[in-house]
Amino acid sequence: MPPQYAPAEVEGKLYEHWVGAGYFEADAKSEKPAHTIVIPPPNVTSVLHIGHALDVTLQDSITRRKRMQGFEALWLPGTDHAGIATQNAVEKQLAKEGLSRHDLGREAFVKRTWEWKEEKGSAILNQIRKLGASVDWTRERFTFDAGLSRSVLTIFKRLYDDGLIYRAERIINWCPRCLTALSDAEVEHHDDDGELVSIRYGEGDDAIVVATTRAETMLGDTAVAVHPDDERYQHLIGTTVELPFTGRRIPIVADAHVDPSFGTGAVKVTPAHDPNDFEIGQRHGLENLVVMDERGVITVHGPFLGLDRFEARPAVVAALREEGRIVAEKRPYVHAVGHCSRCDTVVEPRLSMQWWVKVAPLAADAAAAVREGRVRIHPKELEPRYFQWVDNLRDWCISRQLWWGHRIPVWYGPNGEIVCVGPDEDAPGTEAEGWRQDSDVLDTWFSSGLWPFSTLGWPDETEDLRKFYPTSVLVTGYDILFFWVVRMMMFGLYAMKDRGPEGSIPFHTVSLHGLVRDQFGRKLSKSLGNGIDPLEWVEKYGADATRFTLARGANPGVDLATGEEWCQASRNFCNKVWNATRFALMNGATVAGLPAKEHLSTADRWILSRLTAVTAEVDALMEDYQHAKACDALYHFAWDEVFDWYVELAKSPLAAGGRAAESTRAVLGHVLDATLRLLHPYIPFVTEELWKTLTGGETIVTAAWPQADGALRDPAAEADILALQEAVTEVRRFRSDQGLNVGQRVPGRLSLQGSLQAHEVELRSLARLTEPAEGFAATATLQTALATVELDLSGTIDVAAERARLTKDQAAAAKEIAAANAKLGNEAFLAKAPEPVVEKIRTRLATAEADLSRIRQQLAALPQA
RNA sequence: GGGCGCUUAGCUCAGCGGUAGAGCGCUGCCCUUACAAGGCAGAUGUCGUUGGUUCGAACCCAACAGUGCCCA
């Protein structure tokens, strides 16, 4: 074994072996209890970013532990068909050939997109292999594959028949570049520099001033609205005013939704181009006048015809100014503007006929599942966010004016018939007979919302569905809670309602993690150039180091800052595990059961006791998705306790040979075996490589998860080793202060009390002390609670350094005594504090007093300077 | 504008009523035959501010000040 672990040499071959051996394949016929995770399907066009890497790492660590615990663990991979993004990608490709999708026609375009998917669509799934993801590749799914498409048609038909899907003309979010409707969730609001222009409509006493950020829409105004209680406008309510340029007279209406404190308190109303105005229009029976086409180009005759919306705005303002109608202008006026989440184009509210899901009843069920505790949001602090969203959900626009996606299964007949066709039904008629299918497709989330059960074969009652649904836990970032989690909740509860309240939930727990940030806690962004490529880390430091870095930072629901230095530290840890195991192997560590208790040394009993405690701790933390804490506990146990102390303590018995060596080899092997298994979910590759060598076993992937063995708890051994550590550290501290070489052996005379008397050999070994020879003359005396150590440095020592040290310790002890005395002298404290606390303070006082008197003795014994 | 967080060591974060912790970074010494991707030792904080509750507050309450997110 080389002294440095080389991840690149083992990871690829181990992964291929794991997959080939079928370790990750779940068996629906198994008697074992199921543990199921469906991967939040990444967009088929995407490539792996650090956020995916975090998500994958956490799901894999959960799944690997469950597999080791004896669950039938299924982690199901796949991608979603990403309607807009994929269509954009293929259209971009076509554009290079000078073609548009319309040149190909719908059928050819969809065929071409499938070809694109076959060629490019597995990029991200290939990348997660590099992270060691233990997904079941035999069950990989795609939201647009045949089976899942059947699920989509099934649920559409059911919702339609239940009256939960309907068609209506409303204002929707429209992307004039993608040329499709978007749901509310696909619109991102951020502040833009705009303008606020106040325009005077009408003349003289009848004039009224409205303020707007979108002057160009005035062409479509069909009213002016004021608040019904606004005294300024009482005389105008019910009258009409002339709209500039058009000659149209529009009514002044009173509507309680108008904010009298905004601008002049009077607003222009453009029902066809603004969601709020649309509602005002509905209430007052106003005309919906469309003045723009689907690309945002003005369609009303006159000087503005053919202008893009952003050209029309200044043109309209200029023309109004010419007529003296501009009363005030504020520029820049910063306000929130909706943008297409796919292409960042400013969204245009557009009056349009679309398909909708009536979410109120579905959302109520989704909320109830969490309120009733059937689905747990973890961490609990994020529950309010879930409720805030799910309790205020508006109807969901599901139709998209795209070609790539599940086509809406509704047919329109020659006599105005509207027929929704189920998954196994034929079209109600032919095109020749005058029937045509709705040309729109469904929102991608309509299909990914079915993911927890469509992937298991629903609507068929498959073995997989019976075995693996409801799934166990959904692992995702809190930013996805709204979009996706809520949709899966709504659809799962609806589609599976036959199974009752407990059986219909899509998952028992939603485990939310935070977003990955850079080492200063800043958001990762292209403009800052602080992006992190997880595959670069994998290449430089290994998949294990990358995973451990992410898992170790993953406190539930909070963002994690990370950077390359973190990953280096993780790489160092993996290397440390490698070298500690290497040492054990070189010294004949064996894994063949523990020796009888009477053959165990104190050190053996100590490390076995600690192993038991840490096993229980890590197990509980992982069960509660507290990955950061679990990793931290493992890191400290492995490095500080096993590698630093136990391995050092093991060196003398190993060197001594005989029974002591034999028993130490067994304990060392046992502890390493368990430690590797505990670490395996987080750092699968290095632990597999080492474990196979150490144990000769086939694979750690399916090895048993360690159980805490209460019989190994040994508080006495823990106390003994603590006293030993204290004495060793005190001698080392002295040696360091005195500038002694680490390797230099020094004659020492020991006077040990209590349990420490049995550990002189270990103390001498770890502190590098030889037996006092003839002519031993102590030049320094060190004391801890159970040890007095006299050292012969054969010459003068640095008295000043030692005095400084002791003086500092003396001050600390004195401060401690003062604080304890203050408490114990306080009658209220004695009367009201619980007894264990009082006792603790008394112990602390006694310890500090003993320390102080020892320090004083040592100070007095120092030679005078 | 409404709501939810956060503010603890140089940086990033744990701790959430009874002596301030970790990682990285920092300082000194050391290539001691598992490991320099290492070892040993060490330094570092009026726990945002001001009040209050309590025998006792980083932790509970109130106000304020920063700061971030979500929704309008």
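Because only heavy atoms are used, hydrogens play no part in the values below, and waters and symmetry mates are left out as well, while side chains stay in. To find a chain, count down the sequence lines: A is the first, B the second, and so on, and within it residues start at 1.
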Between [X] ([atom1]) and [N] ([atom2]), how many Å, whole number?
{"X": "A:Arg517", "N": "B:C24", "atom1": "CZ", "atom2": "P", "value": "23 Å"}
{"X": "A:Glu565", "N": "B:A22", "atom1": "CD", "atom2": "C1'", "value": "16 Å"}
{"X": "A:Arg735", "N": "B:C30", "atom1": "CZ", "atom2": "P", "value": "13 Å"}
{"X": "A:Arg805", "N": "B:G42", "atom1": "CZ", "atom2": "C1'", "value": "8 Å"}
{"X": "A:Phe573", "N": "B:C35", "atom1": "CZ", "atom2": "P", "value": "18 Å"}
{"X": "A:Leu550", "N": "B:C13", "atom1": "CG", "atom2": "P", "value": "15 Å"}
{"X": "A:Lys576", "N": "B:C40", "atom1": "NZ", "atom2": "C1'", "value": "12 Å"}
{"X": "A:Asn575", "N": "B:A34", "atom1": "CG", "atom2": "P", "value": "15 Å"}

Counting only heavy atoms not in A:Glu564, do more than 12 fall under 6.0 Å of its CD? yes

Above 12 or not: heavy atoms from other molecules or residues under 6.0 Å from CD of A:Glu9?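 Atom CD in A:Glu9 is not crowded, with 12 or fewer foreign heavy atoms closer than 6.0 Å.
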
Taking only the side-chain nitrogens and oxygens of [X], find out if one of them lies under 4.0 Å from OP1 or OP2 of [N].
{"X": "A:Ser736", "N": "B:G42", "value": "no"}
{"X": "A:Tyr635", "N": "B:A14", "value": "no"}
{"X": "A:Lys808", "N": "B:G42", "value": "no"}
{"X": "A:Arg844", "N": "B:U19", "value": "yes"}
{"X": "A:Lys629", "N": "B:G15", "value": "yes"}
{"X": "A:Trp578", "N": "B:G38", "value": "no"}
{"X": "A:Asn572", "N": "B:G38", "value": "yes"}

Atom [atom1], compared across [N] and [M]: separation rounded to whole Å:
{"N": "B:C69", "M": "B:C26", "atom1": "P", "answer": "31 Å"}
{"N": "B:G28", "M": "B:A62", "atom1": "C1'", "answer": "48 Å"}
{"N": "B:A58", "M": "B:A9", "atom1": "P", "answer": "15 Å"}
{"N": "B:G17", "M": "B:G38", "atom1": "P", "answer": "37 Å"}
{"N": "B:C59", "M": "B:C6", "atom1": "C1'", "answer": "15 Å"}
{"N": "B:G45", "M": "B:U19", "atom1": "C1'", "answer": "15 Å"}
{"N": "B:C29", "M": "B:U67", "atom1": "C1'", "answer": "43 Å"}
{"N": "B:U50", "M": "B:U8", "atom1": "P", "answer": "16 Å"}

Does [X] reach a base, just sugar-phosphate, or nothing at all? Heavy atoms under 4.0 Å.
{"X": "A:Arg522", "answer": "nothing"}
{"X": "A:Thr581", "answer": "nothing"}
{"X": "A:Pro3", "answer": "sugar-phosphate"}

If you round to the nearest 0.5 Å, how far is OG1 of A:Thr784 from CD of A:Gln725?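 Between atom CD of A:Gln725 and atom OG1 of A:Thr784 there are 12.0 Å.
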
Report the distance from atom NZ of A:Lys823 to atom NZ of A:Lys840, rounding to the nearest 0.5 Å. 9.5 Å

Between the base of B:A41 and the side chain of A:Arg732, is there a donor and acceptor pair under 3.5 angstrom? no

Side-chain donor/acceptor of A:Gln4 to base of B:A37, under 3.5 Å: yes

Examine [X] relative to [Y] and say whether NZ or CZ is less than 6.0 Å from the centre of the six-membered ring and inside a 45° cone about the ring axis.
{"X": "A:Arg487", "Y": "A:Trp396", "value": "yes"}
{"X": "A:Lys651", "Y": "A:Phe583", "value": "yes"}
{"X": "A:Arg371", "Y": "A:Phe387", "value": "yes"}

Can the ring centres of A:Trp639 and A:Tyr635 be said to be less than 6.0 Å apart? yes

Range-with-range stems for RNA chain B, at least three Watson-Crick or G-U pairs under 3.5 Å: B:1-7 with B:65-71, B:10-13 with B:21-24, B:26-30 with B:38-42, B:48-52 with B:60-64

When A:Asp673, A:Leu690, A:Thr693 are each screened for side-chain contact (heavy atoms from CB on, under 4.5 Å) with A:Thr581, the one that passes is A:Leu690

